[in-house]
Colleague: 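Questions regarding the structure given below will be posed in turn.
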Amino acid sequence: MNKKIIPEGFLWGGAVTSFQTEGAWDEDGKGPSIVDARPIKEGQSDWKTAVDFYHRYKEDIALFKEMGFNAYRTSISWSRIFPDGEGEVNEQGLQFYDDLFDEMLANGIQPVITLYHFDLPLALAEKYNGFASRKVVDLFERYARTVFERFGEKVKYWLTFNEQNLVLMHPELWGVSLEGAENEEAMKYQVTHNAFIAHAKAVKALHELVPGGQMAGMVTYTTTYPHTPQPKDAIANLKAKELLADFYFDVFANGEYPTYITKDLERKGIMPTFEEGDAELLKQHTVDYLSISYYQSQTVSAEKVVGDNPLTGLTPNPNLKTNEWGWAIDPIGLRVCLKDMYARYRLPIFITENGIGVREELNENNSVEDDYRIDYLREHIKQMKLAMEEGVDVFGYLTWGSTDLISSGGQFEKRYGFIYVNRGETDLRDLKRYKKKSFDWYKNVIASNGEVL
Ligand code: BG6
């Protein structure tokens with residue numbers, strides 16, 4: 001019997017961010033964000049125009065509809081809504097997202113919205129050192145409440161922070177400079193704690209303001225394996241996994257810090273300051289679903305671990321091929337991750353990013369024969385289906401990119417889309433859109449609800 005694994009109503013589409021697609025960096029009252037202040041590397045693109053989604057979203061949404069998307073993830077730019085992060089609300093910013101979400105809904109596409117994707121209003125970084133300050137936590141709550149009130153009827157699925165597990169390794173993405181810190185590790189954990197509190201305040205606000213609103217905690221999931229069959233690699237792998245992913249999911253889903261973290265922080269004397277009510281807030285406001293981005297896997301070698309930081313043991317897997325940027329292609333790693341997450345938390349899972357970045361050129365037929373992308377996505381979807389067959393509750397799959405977009409490191413030539421955008425690294429050309437081969441492939445996947453791969 002050919003039993004259908006993917007249920008009706010499954011969410012299919014793509015995912016992006018405001019700053020990697022919109023452009024219009026200073027239009028209609030938008031304030032600068034920390035992304036706009038990033039130094040641009042020689043020969044790389046700035047963020048000012050991106051793919052001009054701000055002005056071309058109707059054309060793009062028509063193409064997404066043609067592919068059959070029923071969901072599209074993007075982020076709201078905080079500094080469009082509050083240009084300096086804390087003063088007056090900018091009605092033009094709210095209006096842009098109102099119009100955008102209306103256009104999506106009119107085309108049968110649910111907006112899936114990230115509140116924060118690494119683009120803090122610059123003023124909050126300069127004035128308060130970003131999420132190092134509890135003041136910014138409160139301002140985040142105000143921003144979250146503002147957008148829930150305005151868009152709550154249009155948006156059901158929300159995410160607080162993109163890839164919140166990066167906060168410990170990259171506090172700068174939360175607008176934080178560690179300069180002058182007495183103890184950098186202690187400060188990083190304090191920022192991590194502040195992000196958890198901001199997250200929980202947003203979960204609380206959504207549940208108060210939006211009946212049926214669903215909030216996720218999100219992690220970028222790098223599946224890890226012991227580098228060898230030696231038991232010491234197994235334990236090194238476990239410790240790396242705890243720090244890479246479990247810590248965050250444990251707080252999102254269980255509402256408290258796990259003991260493997262508290263014991264370690266107490267021993268080092270760097271437990272973050274919990275203000276009155278923090279522990280209760282975390283406990284009472286857990287998430288409705290879990291969300292991941294998944295691109296790659298690694299191994300962990302005990303021999304390579306430096307000091308007591310298990311993440312220094314991360315090592316490439318010699319058995320796997322990589323993309324040009326060294327990201328190991330491992331579809332089975334997605335199944336490992338889904339099974340582990342579901343066994344631990346029993347919460348529905350939304351895959352909100354998966355994809356491959358490749359340098360590409362338009363061919364003479366104004367298309368790109370991106371069979372490698374089709375292969376990559378097909379194999380990952382197959383593994384997702386196997387996990388679902390084994391009982392894992394996955395309710396949506398979004399690829400990273402839909403049109404091409406600027407990569408997180410500021411490269412345009414690392415392309416992810418089904419739709420080629422005619423621009424170069426610094427040469428904007430005409431920004432015209434062209435369908436790649438994967439466009440029709442994904443269209444068939446969605447039309448058959450994942451049966452035809
Ligand atoms: C995720 C981020 O880490 O991966 C995105 O949420 C990013 O912002 C994506 O663009 C792909 O990574 P990169 O570095 O290839 O752009």
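Nothing fancy with the numbering, it's 1 onward along the sequence. As the structure lists them, so they are numbered: ligands from 1, and atoms in each ligand from 1. Keep in mind it's a predicted model, so treat the numbers as computed, not measured.
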Colleague: Test ring pair (Phe, Tyr, Trp, His ring centres under 6.0 Å) on Y157 and Y289 and set out the steps.
Modeller: CA-CA 9 Å; Y157 291 105; Y289 68 102; 5.6 Å; yes
Colleague: Just checking, any donor-acceptor pair under 3.5 angstrom between side chains of D250 and Y345?
Modeller: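 On atom types as modelled, these side chains qualify, holding a pair under 3.5 Å.
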Colleague: Sequence neighbours left out, what passes side chain to side chain contact (heavy atoms under 4.5 Å, CB included) with W12? Give chain and number order.
Modeller: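 Listed in chain order: I6, F10, N70, I381, M384, Y397, Y442, V445, I446, N449.
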Colleague: One pair to check against ring pair (Phe, Tyr, Trp, His ring centres under 6.0 Å): F161 and H199. What are the steps and the verdict?
Modeller: CA-CA 7 Å; F161 292 98; H199 159 89; 7.3 Å; no
Colleague: Decide, yes or no, whether a salt bridge links D404 with K436 under the criterion of side-chain N to carboxylate O below 4.0 Å.
Modeller: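 Yes.
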Colleague: Taking 4.0 angstrom as the limit, do D371 and K437 come out as a salt bridge?
Modeller: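 Counted as a salt bridge, because a side-chain N and a carboxylate O are separated by less than 4.0 Å.
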Colleague: Heavy atoms under 4.0 Å from ligand 1: which residues qualify?
Modeller: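 Residues within 4.0 Å of ligand 1: Q20, H117, N162, E163, Y295, W327, E353, W400, S407, S408, K414, Y416.
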